[in-house]
Every structure is written in structure tokens, then in C-alpha cells.
Colleague: 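So that we are looking at the same thing, I have put the structure below in C-alpha cells.
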Amino acid sequence: MTWTALDSADQLNDIKQQPGYSIIFKHSTRCSISMMAKRRFELDWDQLPENLPLYFLDLIKHRDISGKIAEDFQVHHESPQLLLIKDGECILDQSHGGISVEEALVMVQ
């Protein structure tokens, strides 16, 4: 599996219009907790469906997009943060040590 860089607000509109599931992972490249959460997620992500779009947001480079994510999906900004989107709505919001492939997997099956 691979990440798709989330680097424009237009991509958020595309995600909101996509049928089915998508994951957005918000990551601070300056935070060791965020790095650990990302690494742990990537160790298990092969359990997710292969066609599940995975979007990666670098919070340091794109703080404005993070704010738009919070507004568009009605979630509180966190870092690190994983959002599971279904048909344009956030159905799972995880942060810090609570980020897990297992919980996301239960939701997509």
C-alpha cells in the first residue's frame, strides 16, 4: 500500500465526493509520537482492503488543509490523527495512541 499526498484543498472535495471509504492520516513530521503512530499504522496496513485510498497530510507544510479537514469533517484538530471517511462523512476519528488499523478494519468490513 502507498500514501497519496494530500496537498490541496481540492483533494478534500474529491474525497468528500468519493463513494465508499478513504483514510486521511494527519502527521506532524516534527513529533516523535506522530512518527510512532504512523510507523505502527504502516506495520499493519496490509490488513486493509487494497483499494482503500490512503491520504497523508504533512501538517507542517499544510496547516491550512488541516483546518479545512476539521471544518469539512466536523472533527477537532489533533496530531497525529486518523480519519476514516465513508461516502463523504467522517465515521471514525482516532488520535495519538488510539490510532489502529484494527478499529478501522472493523468499520470497513
Side-chain angles (χ1 to χ4, degrees):
M1 302 194 80
T2 59
W3 295 111
T4 297
L6 183 52
D7 52 19
S8 80
D10 290 339
Q11 286 174 283
L12 290 179
N13 293 329
D14 294 342
I15 293 168
K16 287 174 22 181
Q17 299 303 316
Q18 277 181 348
Y21 296 93
S22 301
I23 285 180
I24 297 173
F25 190 94
K26 294 169 42 180
H27 172 64
S28 172
T29 55
R30 296 182 187 157
C31 174
S32 61
I33 293 170
S34 191
M35 288 179 199
M36 183 180 65
K38 178 180 174 278
R39 186 178 357 223
R40 198 174 72 222
F41 180 81
E42 289 174 336
L43 284 173
D44 293 333
W45 71 357
D46 60 337
Q47 298 173 40
L48 294 168
E50 287 184 34
N51 61 344
L52 179 66
L54 300 171
Y55 295 92
F56 178 84
L57 177 68
D58 180 335
L59 288 169
I60 304 303
K61 291 182 181 176
H62 302 290
R63 288 192 184 274
D64 56 327
I65 297 173
S66 179
K68 184 147 176 53
I69 288 170
E71 181 182 319
D72 287 0
F73 295 108
Q74 301 175 347
V75 296
H76 181 72
H77 164 77
E78 305 250 14
S79 172
Q81 186 175 33
L82 181 138
L83 304 177
L84 178 62
I85 310 300
K86 179 182 181 193
D87 300 328
E89 300 290 327
C90 180
I91 62 167
L92 179 65
D93 176 6
Q94 301 173 324
S95 66
H96 296 80
I99 294 173
S100 77
V101 167
E102 292 81 20
E103 192 172 347
L105 186 58
V106 167
M107 304 287 286
V108 299
Q109 292 183 338

Colleague: I would like to know whether E42 and M1 meet side chain to side chain contact (heavy atoms under 4.5 Å, CB included); could you show each step before the answer?
Modeller: CA-CA 9 Å; E42 289 174 336; M1 302 194 80; over 6 Å; no
Colleague: Applying a strict under-4.5 Å side-chain criterion to I, L, V, M, F, W and Y, I'd like to know whether I99 and M35 cluster together.
Modeller: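 Unlinked, I99 and M35 end up in two clusters.
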Colleague: Can you tell me how far OG of S34 sits from CD of E78, rounded to the nearest 0.5 angstrom?
Modeller: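 The distance works out to 11.5 Å.
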Colleague: Measuring from atom OG of S79 to atom CG of L57, what distance do you get when rounded to the nearest 0.5 angstrom?
Modeller: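 It comes to 9.0 Å.
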Colleague: Are F25 and L84 co-members of a hydrophobic cluster defined by side-chain heavy atoms under 4.5 Å apart?
Modeller: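 Yes, one cluster joins them.
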Colleague: Compare all side-chain heavy atoms of Y55 with those of D14 and state whether any distance is below 4.5 angstrom.
Modeller: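 They are not in contact (no side-chain heavy atoms under 4.5 Å apart), so the answer is no.
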Colleague: Side-chain heavy atoms under 4.5 angstrom apart, residues restricted to Ile, Leu, Val, Met, Phe, Trp, Tyr: same cluster for I85 and M107?
Modeller: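 I85 does not cluster with M107.
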Colleague: For atom CD of E102, is the number of surrounding heavy atoms from other residues, nucleotides or ligands below 6.0 Å larger than 12?
Modeller: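 Check passes, neighbour count above 12.
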Colleague: May I ask you to test the P80-K38 pair for a side-chain heavy-atom distance under 4.5 Å?
Modeller: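 Not in contact.
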Colleague: Give the C-alpha distance, both sets of side-chain angles, the deciding distance and a yes or no for side chain to side chain contact (heavy atoms under 4.5 Å, CB included) between D7 and D58.
Modeller: CA-CA 8 Å; D7 52 19; D58 180 335; over 6 Å; no
Colleague: Tell me, yes or no, whether the heavy-atom count around I33 atom CD1, taken from other residues, nucleotides or ligands under 6.0 Å, exceeds 12.
Modeller: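 Result for CD1/I33: open.
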Colleague: Determine all donor-acceptor pairs shorter than 3.5 Å in which one atom belongs to a side chain in residues 65-75; sequence neighbours excluded.
Modeller:
unit_1: S66; atom_1: OG; unit_2: K26; atom_2: NZ; d: 3.1
unit_1: S66; atom_1: OG; unit_2: H77; atom_2: ND1; d: 2.9
unit_1: K68; atom_1: NZ; unit_2: D72; atom_2: OD1; d: 3.2
unit_1: K68; atom_1: NZ; unit_2: D72; atom_2: OD2; d: 3.1

Colleague: Do any N or O atoms from the side chain of H27 and from the backbone of L59 form a donor-acceptor pair under 3.5 angstrom?
Modeller: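 Pair absent, no side-chain N/O of H27 close to backbone of L59.
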Colleague: Which one of D46, D44, L52, N51 satisfies the side-chain contact (heavy atoms from CB on, under 4.5 Å) criterion with L48?
Modeller: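 Result for side-chain contact (heavy atoms from CB on, under 4.5 Å) with L48: L52.
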Colleague: Out of curiosity, L6 CG to F56 CZ, how far, rounded to the nearest 0.5 Å?
Modeller: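 L6 atom CG to F56 atom CZ measures 10.0 Å (nearest 0.5 Å).
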Colleague: Is there a path of hydrophobic side-chain contacts, each under 4.5 Å between heavy atoms of I, L, V, M, F, W or Y residues, that connects L92 with I24?
Modeller: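 No, separate clusters.
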Colleague: Counting only N and O atoms by type, is there a donor-acceptor contact under 3.5 Å from the side chain of D93 to the main-chain atoms of L83?
Modeller: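 Here the side-chain-to-backbone pair does not exist.
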Colleague: Do Y21 and L82 sit in one hydrophobic cluster, given that two such residues count as connected whenever their side-chain heavy atoms are within less than 4.5 Å of each other, even indirectly?
Modeller: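 Yes, because Y21 and L82 connect within a single hydrophobic cluster, where side-chain heavy atoms sit under 4.5 Å apart.
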Colleague: Is it true that a side-chain atom of Q11 and a backbone atom of S8 form a donor plus acceptor pair closer than 3.5 Å?
Modeller: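 Answer holds: yes.
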Colleague: Less than 4.5 Å apart, side chain to side chain, heavy atoms only: is that true for P49 and L105?
Modeller: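 A side-chain contact exists here, since the closest heavy-atom pair is under 4.5 Å.
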